[in-house]
Amino acid sequence: MADTSHTKIGDKYRSFLHDQPDDVVWRHGGPPTYDAVNHLFEQGRSKEWEKGSLEEVVQNAIKSWEMELSHKIRLQDFRTISPQKFKLIVNGREGLSAEETLKLGSYNALLKTSIPDHLKFYDADKETFDSSHDAFRSAFPRGFAWEVLAVYSGPPLITFKFRHWGFFEGPFKAHAPTGEMVQFYGVGTLKVDESLRVEDVEIYYDPAELFAGLLKGPPVNDGDQTSSKCPLHH
């Protein structure tokens, strides 16, 4: 989760967050801060990687990519990807281009599925960039933290295992919060160039791990739901 006040302090996990050209166009008017989700990450991470290690480099690179995807509007402002080559493949589905990924947003891109509509926990085809972020920042008001658990191979084809977690303390769609930790695990690969800019991302995980926790809460009326306005980040 981030505070959108436009502070100029650095970020330990996104080194160039505040080292940006003046002409960058930000989705919310300026660069975010990550104090809340960084605190959640530091409290709940499984491992603290040595500074400069491959694991730390990969972890921070992916956090920086997610920051750009959530907060920058123009691909020309991205520093973490190679926009012309970029593809995102999730669970073996057809790859999304940089333009498609930016339009959908990270949640919709990761949660798209080809299963029949009546079996979907979450219908990414009916969600916008903003509605998807609203839904998850409502559910996880302290943020949705992300960590690298292992790195199996280094550049140019990085293979890694990851964990995503948060505390279900706000409503999600028609379900009341439980206050419990919700988490899921996955594996991925990153093909990068000599500057560590991403050309291909492949992610494999089970969305049911995520939704099993979010659907445990009892049903609530739409009028009972509230939504935090604080953007959510990894």
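All values below come from the heavy atoms of this structure, side chains included, with hydrogens, waters and symmetry mates left out.
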Student: State, to 0.1 Å, how close Gly95 and Ile89 come at their nearest heavy-atom pair, and which atoms those are.
Tutor: CA-CG1, 3.7 Å
Student: With a 4.5 Å limit on heavy-atom distance, are the side chains of Thr101 and Leu69 in contact?
Tutor: yes
Student: Got a donor-acceptor contact below 3.5 angstrom from the His71 side chain to the Pro31 backbone?
Tutor: no
Student: Considering the options Asn108, Leu215, Leu214, which one meets the side chain to side chain contact (heavy atoms under 4.5 Å, CB included) requirement together with Tyr122?
Tutor: Asn108
Student: Give a yes or no on whether Gln76 atom CD has more than 12 heavy-atom contacts from other residues, nucleotides or ligands under 6.0 Å away.
Tutor: yes
Student: Of all heavy-atom pairs between Ile81 and Ala98, which one has the smallest distance, and what is that distance?
Tutor: CD1-CB, 4.0 Å
Student: Taking the side chain from Thr128 and the backbone from Ser132, do they hold a donor-acceptor pair closer than 3.5 Å?
Tutor: no
Student: On the six-membered ring of Tyr107, is Arg137 placed so that its NZ or CZ lies under 6.0 angstrom from the centre and within 45° of the ring axis?
Tutor: no
Student: If I compare all heavy atoms of Pro171 with all of Ser138, which pair ends up nearest, and what's the gap?
Tutor: O-OG, 2.7 Å
Student: For Ile62, is there any backbone N or O sitting under 3.5 Å from a side-chain donor or acceptor partner on Glu66?
Tutor: no
Student: With a cut-off of under 6.0 Å to the ring centre and 45° to the axis, is Arg163 in cation-pi contact with Phe184?
Tutor: no
Student: Taking it one step at a time, do Phe172 and Phe140 satisfy ring pair (Phe, Tyr, Trp, His ring centres under 6.0 Å)?
Tutor: CA-CA 9 Å; Phe172 178 77; Phe140 300 121; 7.9 Å; no
Student: Drop me the distance from Lys112's NZ to Glu127's CD, to the nearest 0.5 angstrom.
Tutor: 11.5 Å
Student: Any ion pair linking Glu42 and Arg45 (charged N to carboxylate O, less than 4.0 Å)?
Tutor: no
Student: Is it true that a side-chain atom of Asn91 and a backbone atom of Tyr205 form a donor plus acceptor pair closer than 3.5 Å?
Tutor: yes
Student: Give the minimum heavy-atom separation between Ala176 and Val220, together with the two atoms involved.
Tutor: CB-CG1, 3.3 Å
Student: Taking only residues at least two apart or on different chains, which pairs with a member in residues 79-101 satisfy salt bridge (charged side-chain N to carboxylate O under 4.0 Å, His left out)?
Tutor: Lys85-Glu199
Student: Starting from the C-alpha separation in whole Å, work towards a yes-or-no answer on side-chain contact (heavy atoms from CB on, under 4.5 Å) for Val187 and Phe160.
Tutor: CA-CA 6 Å; Val187 295; Phe160 61 95; over 6 Å; no
Student: Run the numbers on Phe41 and Tyr13 for ring pair (Phe, Tyr, Trp, His ring centres under 6.0 Å), then give the verdict.
Tutor: CA-CA 11 Å; Phe41 165 74; Tyr13 310 112; 5.1 Å; yes
Student: Is a donor from one side chain sitting under 3.5 angstrom from an acceptor on the other, for Gln59 and Lys47?
Tutor: no
Student: List the steps and the verdict of side-chain contact (heavy atoms from CB on, under 4.5 Å) for Val57 and Trp49.
Tutor: CA-CA 9 Å; Val57 169; Trp49 299 113; over 6 Å; no
Student: Does CD belonging to Gln43 count more than 12 external heavy atoms closer than 6.0 Å?
Tutor: yes
Student: What I want to check is whether the side chains of Glu68 and Ser64 have a donor and an acceptor closer together than 3.5 Å.
Tutor: no
Student: Would you check, one step at a time, whether the test side-chain contact (heavy atoms from CB on, under 4.5 Å) holds for Glu169 with Thr178?
Tutor: CA-CA 6 Å; Glu169 296 170 329; Thr178 63; over 6 Å; no
Student: Does Val58 belong to the same Ile/Leu/Val/Met/Phe/Trp/Tyr cluster as Leu149, with side-chain heavy atoms less than 4.5 Å apart forming each link?
Tutor: no
Student: Has the side chain of Trp26 got a donor or acceptor atom that lies under 3.5 Å from a matching backbone atom of Ile73?
Tutor: no
Student: Output the distance between atom CZ (Phe144) and atom CD (Gln183), rounded to the nearest 0.5 Å.
Tutor: 9.5 Å
Student: Any chain of hydrophobic side-chain contacts (each under 4.5 Å) joining Phe211 to Ile203?
Tutor: yes
Student: Heavy atoms, side chains only, cut-off 4.5 Å: are Arg27 and Lys72 in contact?
Tutor: no
Student: Check whether Asp77 reaches the backbone of Val25 with its side chain - one donor and one acceptor, N or O, closer than 3.5 Å.
Tutor: yes
Student: Under a 4.5 Å cut-off applied to non-hydrogen side-chain atoms, are Val151 and Ile158 in contact?
Tutor: yes
Student: Compare every heavy atom of Ala109 with every heavy atom of Val90, then report the nearest pair and how far apart it is.
Tutor: CG2-O, 3.8 Å
Student: Please assess Thr80 against Phe86 for the test side-chain contact (heavy atoms from CB on, under 4.5 Å), listing each intermediate value before the final yes or no.
Tutor: CA-CA 10 Å; Thr80 58; Phe86 181 86; over 6 Å; no
Student: Is the shortest side-chain heavy-atom distance between Leu88 and Ser97 below 4.5 Å?
Tutor: no
Student: Using 0.5 Å steps for rounding, measure from the CZ atom of Phe167 to the CE atom of Met181.
Tutor: 3.5 Å
Student: What I'd like to find out is whether the side chain of Arg14 reaches to under 4.5 Å of the side chain of Tyr34, using heavy atoms alone.
Tutor: yes
Student: Counting C-beta onward and ignoring hydrogens, is there a side-chain heavy-atom pair between Asp206 and Tyr185 closer than 4.5 Å?
Tutor: no
Student: Taking a hydrophobic cluster as the set of Ile, Leu, Val, Met, Phe, Trp and Tyr residues connected by side-chain heavy atoms closer than 4.5 Å, whether directly or through intermediates, do Leu111 and Phe129 fall within one such cluster?
Tutor: no
Student: For Phe162, does its backbone N or O pair with a side-chain atom of Glu147 as donor and acceptor, under 3.5 Å?
Tutor: no
Student: Measuring from Thr33:OG1 to Asp11:CG, what's the distance to the nearest 0.5 Å?
Tutor: 8.5 Å
Student: Are side-chain heavy atoms of Ser70 and His133 found at a separation under 4.5 Å?
Tutor: yes
Student: How far does OG1 of Thr113 sit from CG of Asp123, to the nearest 0.5 angstrom?
Tutor: 9.5 Å
Student: May I ask you to test the Lys216-Glu180 pair for a side-chain heavy-atom distance under 4.5 Å?
Tutor: yes
Student: Tell me which donor-acceptor pairs under 3.5 Å the side chains of residues 189-196 have, and how far apart each pair is, sequence neighbours excluded?
Tutor:
unit_1, atom_1, unit_2, atom_2, d
Asp193, OD1, Ser195, N, 2.9
Asp193, OD1, Leu196, N, 3.1
Asp193, OD1, Arg197, N, 2.9
Asp193, OD2, Arg197, NE, 2.9
Asp193, OD2, Arg197, NH2, 3.1

Student: Honestly curious: do Val198 and Leu157 fall in one hydrophobic cluster under the side-chain, below-4.5 Å linking rule?
Tutor: no
